[in-house]
Amino acid sequence: MNQVLVLNSGSSSIKYRLIDMDDRARLADGTVERIGESAGSVADHAAGMDVVLGALKGRLDRSRLAAVGHRVVHGGDRFRGPTLIDDEVCDAIRELIPLAPLHNPANLTLIEAARSAFPDTPQVAVFDTAFHQTLPDYAYTYAIPKEWRTDLGVRRYGFHGTSHQYVSRRAAAMLGREPEEVNMIVLHLGNGASVCAVREGKSVDTSMGMTPLEGLVMGTRSGDLDPAVSAYIARQSGQSAEQIDQTLNKASGLLALAGSNDMRDVDTAAAKGEEAARLALDVYCYRIRKYIGAYLAALGRVDAVAFTAGVGENSATVRAGALLGLEHLGISVSPKRNAQESKQERYISPYWAQTAVLVVPTDEEIEIADQALQVLGAQP
Ligand SMILES: Nc1ncnc2c1ncn2[C@@H]1O[C@H](COP(=O)(O)OP(=O)(O)O)[C@@H](O)[C@H]1O
Ligand SMILES: CC(=O)OP(=O)(O)O
Ligand SMILES: [Mg+2]
């Protein structure tokens, strides 16, 4: 019983990995993409799960499967850690759909499909929000009417917690310290992007809010915005709340500013002198820099700044741009170290720097697998 299957479903994709936990080897992994898109061949997440099960044929040994670990995006304020799934937990995840309409329905579909495919195997939910349940009340409270806060659950929850937790632990290990001894700022820059202020191993602030729309500029999401914009567009254009929500989540961010949600395209276009791409890159990096400033103030002492996820791990342009002008605060990159391409954990700050600047490849799947086994009380 040493295998764990991890299912990480996004709004339009399913990432899966089958792991042998004895040596942490990948026995199988892959991604089913473009689910529900007209260009894709997979109609919905249920059909996507059939593709995953087909790909695992011959590699997955049911008698050795200890657990299925699921990424669940929204756990509200109920789930503070990894949780063994039963009918009641499924109901709770369903009740949270209004807070995460793009993510939780897909997560639930996969849980149901996996429960029926592996009825004898324990299933564990690992929530994006769980790591941020340590936020102090003054960091998670929005200044809005009481009924919205209490009856409707409007507060900051934060996301990407599994990644922030994994990366902050790895970063502490790189510094040769325990997580409880380190303060740091983690920058998860993927398609979705968020910053996390970590004090002594615990999340104390994060840029995503009630939903994964707030905060940084992302591939297709606007990030921070004057909340009056939605009502203004509704009045001016007659668009519904639904349409505006879709636009801010799926047709904004880098895509809206530069015509592509892929940072590689934006970087290449900016290097060629395209003005829209230059602006997109500047807006993207400036937003990150503002959050670093805010979290320096929140944390007081910062031992490390860690970059992770697709953009953070690969874009030297973004890393340098995000930290531009922070030298007087002791935060900078060595141009030579920053330019080196690598898939490894590494320092990119100059050797004399006060604050370590790190690149730490994230691994949400291994973190989910570890947490799934923790719940079952088994040692990996
Ligand atoms: N070499 C690179 N340079 C710049 N950006 C990159 C590079 N490789 C990947 N990316 C960016 O990483 C993003 C995907 O990040 P990832 O963490 O895999 O996202 P997600 O898990 O949210 O799908 C892509 O949209 C792309 O913009
Ligand atoms: C919660 C979230 O934003 O996830 P992703 O980055 O996978 O879209
Ligand atoms: Mg991601």
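Counting convention: from 1, in listed order, for ligands and their atoms alike.
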Asker: Can you list the atoms of ligand 1 that are under 4.0 Å from a heavy atom of K15?
Answerer: 21 (O)
Asker: Here's one to test your reading of the geometry: is the NZ or CZ of R155 within 45 degrees of the ring axis of Y157 and under 6.0 Å from its centre?
Answerer: yes
Asker: Evaluate H188 for polar contact with ligand 1, using N/O atom pairs at a separation under 3.5 Å.
Answerer: no
Asker: Flag the pair I14 / H45 as yes when at least one side-chain heavy-atom distance between them is below 4.5 Å, and no otherwise.
Answerer: yes
Asker: So is E313 in contact with ligand 1, going by heavy-atom distances below 4.0 Å?
Answerer: no
Asker: With respect to N191, determine whether any N or O atom, backbone or side chain, lies less than 3.5 Å from an N or O atom of ligand 2.
Answerer: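 Between N191 and ligand 2 (N or O atoms, distance only) the closest approach is not under 3.5 Å.
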Asker: Can you tell me if R319 and N338 form a side-chain donor-acceptor pair at under 3.5 Å?
Answerer: yes
Asker: Pick one: which of I19, L18, L27 meets side chain to side chain contact (heavy atoms under 4.5 Å, CB included) with L5?
Answerer: L18
Asker: Test your reading of the structure: does D128 have an N or O sitting under 3.5 Å from an N or O of ligand 2?
Answerer: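 So ligand 2 has no N or O lying under 3.5 Å from an N or O of D128.
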Asker: Take a 6.0 Å sphere around OH of Y232 and say whether it holds more than 12 heavy atoms from other residues, nucleotides or ligands.
Answerer: no
Asker: Looking at F159, which atoms of ligand 2 are within less than 4.0 Å of one of its heavy atoms?
Answerer: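 This gives 1 (C) as the contact atoms.
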Asker: So is there a nitrogen or oxygen of S315 less than 3.5 Å from a nitrogen or oxygen in ligand 1?
Answerer: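 Checking ligand 1 against S315, no N or O pair falls under 3.5 Å apart.
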Asker: Are there over 12 heavy-atom neighbours, none belonging to R301, within less than 6.0 Å of that residue's CZ?
Answerer: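 Yes, enclosed.
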Asker: Where on E364 is there a heavy atom closer than 4.0 Å to ligand 1, on the side chain, on the backbone, on both, or on neither?
Answerer: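 Neither; nothing of E364 gets under 4.0 Å from ligand 1.
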Asker: Can you list the atoms of ligand 2 that are under 4.0 Å from a heavy atom of P212?
Answerer: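 What qualifies from ligand 2 is 1 (C), 3 (O).
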Asker: Can you tell me if T308 and H188 form a side-chain donor-acceptor pair at under 3.5 Å?
Answerer: no
Asker: For ligand 1 and M263, I'd like to know whether there is a polar contact (N/O to N/O, distance under 3.5 Å).
Answerer: yes
Asker: Should R71 be listed as contacting ligand 2, given a heavy-atom distance under 4.0 Å as the test?
Answerer: yes
Asker: So do the side chains of D29 and R26 get within less than 4.5 Å of each other, counting heavy atoms only?
Answerer: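 When only atoms from C-beta onward are counted, R26 and D29 do touch, with a gap below 4.5 Å.
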Asker: Which atoms of ligand 1 sit under 4.0 Å from any heavy atom of A309?
Answerer: 17 (O)
Asker: Quick one about N107 and R71 (side-chain donor to acceptor, distance below 3.5 Å, no hydrogens or angles considered), yes or no?
Answerer: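 Result is no, nothing qualifies.
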Asker: For ligand 2 and R221, I'd like to know whether there is a polar contact (N/O to N/O, distance under 3.5 Å).
Answerer: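 N/O-N/O distance below 3.5 Å exists for this pair.
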Asker: Take every heavy atom of V311, measure it against each atom of ligand 1, and state whether any distance is under 4.0 Å.
Answerer: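 Contact check V311 vs ligand 1: positive.
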Asker: Would M208 count as a contact residue for ligand 2, given that I'm defining contact as a non-hydrogen atom of the residue lying under 4.0 Å from a ligand atom?
Answerer: yes
Asker: Just checking, any donor-acceptor pair under 3.5 angstrom between side chains of T31 and S13?
Answerer: no
